[in-house]
Amino acid sequence: MKPFFSTIFLLFFFSAFSQNSKLDVIDANANVAVHAMKFSVNSSEAFKTINWKEIKDSFKENNPEELIELTFEIDLPDSENKFKSTFTVAGKSKDIDSLIKKVKKGILTMSKIASN
């Protein structure tokens with residue numbers, strides 16, 4: 001009987017005091033940076049729906065010297081050759097405009113290859 005009461009006491013003790021701790025995962029004043037974005041599509045027309053302004057705004061809060069990465073992936077399992085391709089453009093946050101230009105050229109090339 002003594003082990004039963006000891007076990008009940010320990011369970012009560014641990015459950016009562018375990019509720020007092022507070023866990024702060026992210027501080028309210030913390031800066032959060034976006035380092036990578038990945039877009040996966042299953043048709044070349046889906047690339048036309050990308051909002052480039054939103055992508056640019058996503059990296060707005062980053063430090064200008066932080067490295068960022070944009071990855072674009074297309075998977076056409078229903079196509080004749082089961083076309084699948086991925087490309088990544090990386091650079092600094094301050095160069096987001098030039099990175100977007102490179103991505104647009106890459107998407108255009110990938111769409112041409114996928115349509116053949």
Side-chain angles (χ1 to χ4, degrees):
M1 195 70 174
K2 186 176 180 182
F4 175 74
F5 286 120
S6 297
T7 306
I8 296 296
F9 174 73
L10 286 174
L11 287 174
F12 175 74
F13 179 78
F14 287 128
S15 66
F17 287 104
S18 67
Q19 302 301 319
N20 291 333
S21 65
K22 182 179 177 187
L23 179 63
D24 288 331
V25 177
I26 297 178
D27 184 18
N29 297 325
N31 291 333
V32 178
V34 177
H35 293 282
M37 291 181 107
K38 181 177 181 179
F39 297 88
S40 297
V41 297
N42 57 6
S43 72
S44 57
E45 289 82 31
F47 280 130
K48 295 175 184 174
T49 63
I50 295 174
N51 187 338
W52 299 106
K53 184 177 179 345
E54 285 184 13
I55 292 174
K56 187 175 178 178
D57 289 344
S58 298
F59 297 106
K60 177 174 56 174
E61 298 296 322
N62 285 12
N63 181 341
E65 295 299 317
E66 286 192 65
L67 295 177
I68 60 173
E69 189 175 274
L70 295 170
T71 302
F72 292 83
E73 179 180 277
I74 187 168
D75 186 11
L76 303 173
D78 297 333
S79 68
E80 191 174 298
N81 298 325
K82 299 195 185 311
F83 181 76
K84 185 173 186 177
S85 180
T86 302
F87 75 96
T88 302
V89 177
K92 295 183 179 181
S93 292
K94 66 181 180 181
D95 301 328
I96 186 68
D97 292 324
S98 65
L99 293 176
I100 288 176
K101 285 180 185 178
K102 289 178 186 177
V103 166
K104 286 181 179 180
K105 287 181 185 178
I107 287 175
L108 182 63
T109 304
M110 200 175 354
S111 296
K112 286 180 182 178
I113 292 170
S115 66
N116 291 335

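In this chain, numbering begins with 1 at the start of the sequence shown. What you see is a predicted model, and the numbers here were worked out from it, not measured in a lab. Computed over heavy atoms, backbone and side chain alike; hydrogens, waters and symmetry mates excluded.
- Using a 4.0 Å cut-off between a side-chain N of Lys or Arg and a carboxylate O of Asp or Glu, Lys101 and Asp97 do not qualify as a salt bridge.
- Side-chain atoms of Asn62 do not come within 3.5 Å of backbone N or O of His35 as any donor-acceptor pair.
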Criterion side chain to side chain contact (heavy atoms under 4.5 Å, CB included) on Ile68 and Val34, from CA distance to verdict: CA-CA 7 Å; Ile68 60 173; Val34 177; over 6 Å; no

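- Trp52 and Phe72 have tilted rings, their planes meeting at an angle from 30° to 60° on a 0 to 90° scale.
- Linking Ile, Leu, Val, Met, Phe, Trp and Tyr whenever their side-chain heavy atoms come within less than 4.5 Å leaves Leu108 and Phe87 in two separate clusters.
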CA sep, side-chain torsions, deciding dist, call: Ile107, Ile50, side chain to side chain contact (heavy atoms under 4.5 Å, CB included): CA-CA 11 Å; Ile107 287 175; Ile50 295 174; 4.2 Å; yes

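- In this structure, Thr86 OG1 and Glu73 CD are separated by 4.0 Å, a value rounded to the nearest 0.5 Å.
- Smallest separation of non-hydrogen atoms from Ile74 and Phe83: CG2-CE2, 3.6 Å.
- Ala36 and Phe59 get closest at one heavy-atom pair: N-CE2, 4.5 Å.
- The two residues Leu76 and Asn42 make their nearest non-hydrogen contact at CD2-O, 3.1 Å.
- Distance OG/Ser93 to CG/Leu99: 9.0 Å, rounded to 0.5 Å.
- Contact between Pro77 and Lys82 at its shortest, heavy atoms only, is O-NZ, 3.4 Å.
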Candidate pair Leu67 and Lys92, rule side chain to side chain contact (heavy atoms under 4.5 Å, CB included), full reasoning: CA-CA 4 Å; Leu67 295 177; Lys92 295 183 179 181; 4.0 Å; yes

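- Atom CD1 of Ile100 sits about 10.5 Å away from atom NZ of Lys53, to the nearest 0.5 Å.
- For the atom pair OG1 of Thr88 and CE of Met37, the computed distance is 13.5 Å after rounding to the nearest 0.5 Å.
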